[in-house]
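Working notes, beginning with the structure itself.
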Amino acid sequence: MIDLKLLTDDFEATAARLARKRVPRDLLVQARDLGEGRRQVTRQVDDARQEMNAGSQAVGRLMREGRREEADALKEGLADTRHRIDTLEVQRRQIEATLDEVAARIPNLPDDAVPDGASDEDNRLLRTHGYDPADYEGHTYEPHWEVAARLGIYDGERAAKLSGGMFSLLRGGGARLLRGLVDYALDLHRDRYLEIAPPHAVRSEVITRTGHLTKFESQAYKLRDDDLWLIPTGEVPLMGMHQGEILPETDLPLRYMAYTVCWRREAGAAGKDTRGLQRLHEFHKVELAELCRPEDSESELAALLADCERSLQGLGLPYRVVELCAGDLTFSASKVFDLEVYSPGVDKWLEVSSVSSVTDFQARRGAIRYRKDGGGTALVHSLNGSGLATPRVWAAIIEHGQQPDGTVRLPPALVPYVGIEILTG
RNA sequence: GGAGGGAUGGCAGAGCGGCCGAAUGCGAGGCUCUUGAAAAGCCUUCAGGGGAGACCCUGCGUGGGUUCGAAUCCCACUCCCUCCGCCA
């Protein structure tokens, strides 16, 4: 949720900033007017309440003094005030319900430094690391699902038999590679991030307040008999942990990492990049997430990006860093860097990490604040990025490591974790 | 799953119809004293909203209800603790 005060205090500038995210102006006008309406009704409620409180106190005084009849008379008069309060409260609730719905459709403000643009075509390529097209000339690369199926380390058909499309089943060295990748990532980042092993199912309230469950979109799976949702990313429990808390400033920044399974319904994604392990309903990921002071979020974002890049660098995978343009930013994000690994098997760049700053957008809905040293409280900023999303990185390792004899050579950094140098099936 | 007990400010913990946003202690901040520190003393210290301000409104797990008036009484829910059962 954005700060609605921005709409009352500086409407034009705010509308201009949001226009870069294609937010219609009339939605903002509606939100501003509802906010103003709420303020007015609230003031009326407050006044009526004050009257009520004063009256009630007077009743108490009269009773104590034994002036029963006067007290009864005053009580009768107060019934009117009571009705007025009730009526105004109903009004206020209606306004608030509408306002909540309208406000829920307003995305976060894009950072001013983010490039203009409407779609991914306008994203800005910042740099490429470890990629030289010449490396791939004269070689043929099979897609990972073909290499892996032949080696017997991936069985897509049985995965489908068990669970349907977009699920994976890894065997032998393939399963070990997955486990090794997770351990590799957790070890790599433990110098800066506290490892958390969180629950994988969370309450409606928690997932809603992280912004991963809205009326318009639900990627998450719901448990039938309980008010619980399977997490679509480790970010949900990591950011949910501190909801409603006021943190000491000295605790910030709080940097966490968690290895979790992630479940996503991927509604509407059928048939799109779904071969092999490109897009799954269930996958494994090491997520990095943090809370920090607003003044630190820019430098923390840079550091977080560097950390996520380290994961790929250590594996020797060629990747590029893309800064998303305003129009391509996700709803909550203020600034996003995507990390894309080159996949020689399909000759495409595949997104393996999305490193985001959501400023105070998530903290406002989650009520995550900190107590400032100078006094007072303020909302924290939150950031997150994939430390290592296993399916696509797994796939990239298979494609890059394929050798003429059909086996796959693993990156040296993984050998201690997987226990072998070459996957032979 | 069954039976009890509980949920109050940063923490501990009183309060059990009006004088309670709330005693007391700890913690934190400021001041006095001191060469400095400690100790001692004095003061301040929950959050959100409205108002130029005086000040006002809201919040005692959450949601309803009773009442002129609810932290306090009633109902439902959530969570925590103890015991029993089951169990990786």
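Numbers restart at 1 for each chain; the letters A, B, ... are given by sequence-line order, proteins then strands.
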Can a donor-acceptor pair be found between the side chains of [X] and [Y] at a distance below 3.5 Å?
{"X": "A:His242", "Y": "A:Tyr256", "result": "yes"}
{"X": "A:Tyr319", "Y": "A:Glu309", "result": "yes"}
{"X": "A:Tyr193", "Y": "A:Asp307", "result": "yes"}

Nearest whole Å is fine: how far is [N] [atom2] from [X] [atom1]?
{"X": "A:Asp3", "N": "B:G49", "atom1": "CG", "atom2": "C1'", "value": "13 Å"}
{"X": "A:Met63", "N": "B:C68", "atom1": "CE", "atom2": "P", "value": "10 Å"}
{"X": "A:Asp46", "N": "B:A54", "atom1": "CG", "atom2": "P", "value": "17 Å"}
{"X": "A:Tyr370", "N": "B:A47", "atom1": "OH", "atom2": "P", "value": "14 Å"}
{"X": "A:Asp227", "N": "B:C79", "atom1": "CG", "atom2": "C1'", "value": "13 Å"}
{"X": "A:Arg92", "N": "B:G49", "atom1": "CZ", "atom2": "P", "value": "13 Å"}
{"X": "A:Asp86", "N": "B:U67", "atom1": "CG", "atom2": "P", "value": "12 Å"}

Given the [atom1] atoms of [N] and [M], what is the spacing between them in whole Å?
{"N": "B:C46", "M": "B:U82", "atom1": "P", "value": "33 Å"}
{"N": "B:C68", "M": "B:G4", "atom1": "P", "value": "34 Å"}
{"N": "B:A23", "M": "B:C16", "atom1": "P", "value": "14 Å"}
{"N": "B:G27", "M": "B:C81", "atom1": "P", "value": "28 Å"}
{"N": "B:U66", "M": "B:C80", "atom1": "C1'", "value": "29 Å"}
{"N": "B:G17", "M": "B:U67", "atom1": "C1'", "value": "9 Å"}
{"N": "B:C43", "M": "B:G53", "atom1": "C1'", "value": "25 Å"}
{"N": "B:G15", "M": "B:G9", "atom1": "P", "value": "16 Å"}

Check this one for me: any side-chain N or O of [X] less than 4.0 Å away from OP1 or OP2 of [N]?
{"X": "A:Arg64", "N": "B:G18", "answer": "no"}
{"X": "A:Arg82", "N": "B:G69", "answer": "yes"}
{"X": "A:Arg38", "N": "B:G50", "answer": "no"}

Provide the Watson-Crick or G-U wobble partner of [N], both distances under 3.5 Å; none if there is no partner.
{"N": "B:C31", "answer": "B:G41"}
{"N": "B:G10", "answer": "B:C26"}
{"N": "B:A3", "answer": "B:U82"}
{"N": "B:U67", "answer": "none"}
{"N": "B:A47", "answer": "B:U58"}
{"N": "B:G21", "answer": "none"}

Touch class at under 4.0 angstrom, heavy-atom based, for [X] against every strand present:
{"X": "A:Thr377", "value": "sugar-phosphate"}
{"X": "A:Asn53", "value": "sugar-phosphate"}
{"X": "A:Arg93", "value": "sugar-phosphate"}
{"X": "A:Arg61", "value": "nothing"}

Closest to the [X] side chain: [options]?
{"X": "A:Gln50", "options": "B:C68, B:C56, B:C46", "answer": "B:C56"}
{"X": "A:Val59", "options": "B:G69, B:G48, B:G18", "answer": "B:G18"}
{"X": "A:Arg203", "options": "B:U78, B:G69, B:G50", "answer": "B:U78"}
{"X": "A:Lys5", "options": "B:G49, B:G69, B:G48", "answer": "B:G49"}
{"X": "A:Arg369", "options": "B:U58, B:G48, B:G69", "answer": "B:G48"}
{"X": "A:Arg39", "options": "B:A47, B:G51, B:U58", "answer": "B:G51"}

A:Arg293 and A:Val380, any side-chain heavy atoms less than 4.5 Å apart
no
Ionic contact status for A:Glu205 with A:Arg203, cut-off 4.0 Å: no
Report task. Establish, yes or no, whether the cationic atom of A:Arg32 lies under 6.0 Å from the six-membered ring centre of A:Phe11 and within 45° of the ring axis. Result -> yes
